[in-house]
Peer 1: 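Supplied in structure tokens, the structure appears directly below.
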Amino acid sequence: MTIHGLWVISKAGGLVFSRSYSDVLPPQPVNTILTLAGILHGIHAITAKLTPTPIPGVPVGGLESFEAEGWGGKVFLTPTGTKFVVLHSIPQTGLDELMKRIYEIYSDAVMKNPFHTPEMPINSSLFETKLQTLMSGVNA
């Protein structure tokens, strides 16, 4: 079980954080990652609209996961519209708990920072350090 990378996509669809935690997937240029994050944001919005019968009072989530040859991705949508995308090996267990833990780290290290502006790139050493510790434990 390996976590290959993490993307954080803003409510507007911009990539605000991207890190790789393994060397299994080939490294991509920044413009390619920006394009892929934008496409994923669009697909997420479209799939949210395609939900056949939304339940009143329950937010429609859209795309929750995707798979490719030997790896996949899990999407976690926060109440504020920020998306966390974890790229992982298949099979991967415990992704829901991992996503909640990443969101807790984000809430504590980024959202409680008075100098962080929402929708802007995340530049928090505390966020990166806590994520690195978490991913090292998961990838061990």
Side-chain angles (χ1 to χ4, degrees):
M1 123 168 70
T2 304
I3 300 300
H4 301 302
L6 171 68
W7 297 347
V8 180
I9 303 172
S10 71
K11 181 169 69 172
L15 184 69
V16 294
F17 184 83
S18 173
R19 289 296 176 273
S20 179
Y21 297 103
S22 79
D23 56 357
V24 174
L25 297 179
Q28 299 294 324
V30 175
N31 285 342
T32 302
I33 295 172
L34 289 168
T35 302
L36 291 172
I39 291 169
L40 185 65
H41 174 74
I43 290 171
H44 190 273
I46 291 168
T47 56
K49 298 288 184 192
L50 293 175
T51 303
T53 52
I55 301 168
V58 176
V60 178
L63 179 72
E64 292 181 2
S65 64
F66 56 92
E67 291 185 9
E69 192 172 310
W71 65 278
K74 174 81 173 161
V75 181
F76 178 75
L77 179 65
T78 69
T80 60
T82 302
K83 291 172 203 66
F84 292 88
V85 181
V86 170
L87 305 175
H88 59 85
S89 61
I90 296 176
Q92 180 75 28
T93 59
L95 282 174
D96 290 331
E97 280 301 313
L98 177 66
M99 298 301 267
K100 288 177 185 173
R101 183 69 186 117
I102 292 170
Y103 183 51
E104 288 173 11
I105 293 170
Y106 172 78
S107 298
D108 289 341
V110 177
M111 295 310 293
K112 291 180 182 177
N113 180 353
F115 300 107
H116 175 71
T117 305
E119 307 293 321
M120 295 304 291
I122 298 170
N123 294 315
S124 169
S125 59
L126 179 62
F127 181 62
E128 291 199 38
T129 302
K130 286 187 172 191
L131 275 180
Q132 187 62 47
T133 302
L134 177 65
M135 296 305 175
S136 295
V138 171
N139 287 343

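The shown structure was predicted, so the numbers you read here are calculated from the model rather than taken from an experiment.
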Peer 1: Taking all heavy atoms of T2 and all of S22, pick out the closest pair and write down the distance.
Peer 2: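 Shortest heavy-atom separation between T2 and S22 comes out as CG2-CB, 3.9 Å.
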Peer 1: Work out which heavy atom in A109 is nearest to a heavy atom in S124; give both atom names and the distance.
Peer 2: O-OG, 3.6 Å
Peer 1: I need the full list of salt bridge (charged side-chain N to carboxylate O under 4.0 Å, His left out) pairs touching residues 105-130, with sequence neighbours left out, sorted by first then second residue.
Peer 2: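 Salt bridge (charged side-chain N to carboxylate O under 4.0 Å, His left out) check on residues 105-130 returns R19-E128, D108-K112.
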Peer 1: If you count every heavy atom of other residues, nucleotides or ligands that lies below 6.0 Å from K74 atom NZ, does the total exceed 12?
Peer 2: yes
Peer 1: Taking the inter-plane angle between the rings of F66 and W71 on a 0 to 90° scale, is it parallel (under 30°), tilted (30 to 60°) or perpendicular (over 60°)?
Peer 2: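 Rings of F66 and W71: perpendicular, over 60°.
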Peer 1: Would you kindly confirm whether I39 and L25 end up in one hydrophobic cluster when ILVMFWY residues are joined by side chain heavy atoms under 4.5 Å apart?
Peer 2: yes
Peer 1: Residues two or more places apart in sequence or in another chain: which of them pass side-chain hydrogen bond (donor to acceptor under 3.5 Å, both in side chains) with E64?
Peer 2: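 Once residues adjacent in sequence are excluded, E64 has no partner under the side-chain hydrogen bond (donor to acceptor under 3.5 Å, both in side chains) criterion.
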Peer 1: Give me the atom names and distance for the closest heavy-atom approach of M99 to F84.
Peer 2: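 Looking at all heavy atoms of both residues, the shortest contact is CE-O, 3.1 Å.
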Peer 1: Could you tell me which residues satisfy side-chain hydrogen bond (donor to acceptor under 3.5 Å, both in side chains) with N31, sequence neighbours excluded, listed by chain and number?
Peer 2: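 None.
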Peer 1: Any heavy-atom pair between the side chains of L63 and L77 that's under 4.5 Å?
Peer 2: no
Peer 1: What is the distance from atom OG1 of T35 to atom CG of L40, rounded to the nearest 0.5 Å?
Peer 2: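 These two atoms lie 12.5 Å from each other.
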Peer 1: Look at the side-chain heavy atoms of Ile, Leu, Val, Met, Phe, Trp and Tyr, link any pair under 4.5 Å apart, and say whether L15 and I122 land in one connected group.
Peer 2: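 Each belongs to a different hydrophobic cluster.
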Peer 1: Roughly how far apart are L6 CG and S20 OG, rounded to 0.5 Å?
Peer 2: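 Separation between the atoms: 10.5 Å.
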Peer 1: Does anything in residues 114-136 pair up under ring-ring contact (aromatic ring centres under 6.0 Å, His included), and if so which pairs, sequence neighbours excluded?
Peer 2: F17-F127
Peer 1: Is there a side-chain contact between M135 and I102 in this structure, where contact means two heavy atoms from C-beta onward sitting under 4.5 Å apart?
Peer 2: yes
Peer 1: Out of curiosity, does V85 fall in the hydrophobic cluster containing L36 (side-chain heavy atoms, cut-off under 4.5 Å, transitive links)?
Peer 2: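 Yes, L36 and V85 fall within the same hydrophobic cluster.
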Peer 1: Closest approach of N139 and I3, non-hydrogen atoms and distance?
Peer 2: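 Here N139 and I3 meet closest at OD1-N, 2.6 Å.
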Peer 1: Let me confirm one number: the NZ-CD1 distance from K100 to I105, rounded to the nearest 0.5 Å.
Peer 2: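 The NZ atom of K100 sits 15.0 Å away from the CD1 atom of I105.
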Peer 1: Going from CD1 on I9 to OG on S18, what distance comes out if it is rounded to the nearest 0.5 angstrom?
Peer 2: 9.5 Å
Peer 1: Could you tell me if the side chain of L131 sits less than 4.5 Å from the side chain of Y106, heavy atoms only?
Peer 2: no
Peer 1: Report yes or no: do L126 and V16 belong to one cluster of Ile/Leu/Val/Met/Phe/Trp/Tyr joined by side chain heavy-atom distances under 4.5 Å?
Peer 2: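 No, no single cluster joins them.
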Peer 1: Starting from M111, can I reach L134 by hopping between I/L/V/M/F/W/Y residues whose side chains sit under 4.5 Å apart?
Peer 2: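 L134 and M111: one cluster.
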Peer 1: What residue pairs, at least two apart or across chains, pass salt bridge (charged side-chain N to carboxylate O under 4.0 Å, His left out) with a residue in residues 79-95?
Peer 2: none
Peer 1: Could you work out, with ring pair (Phe, Tyr, Trp, His ring centres under 6.0 Å) as the rule, every residue matching Y21, not counting sequence neighbours?
Peer 2: none
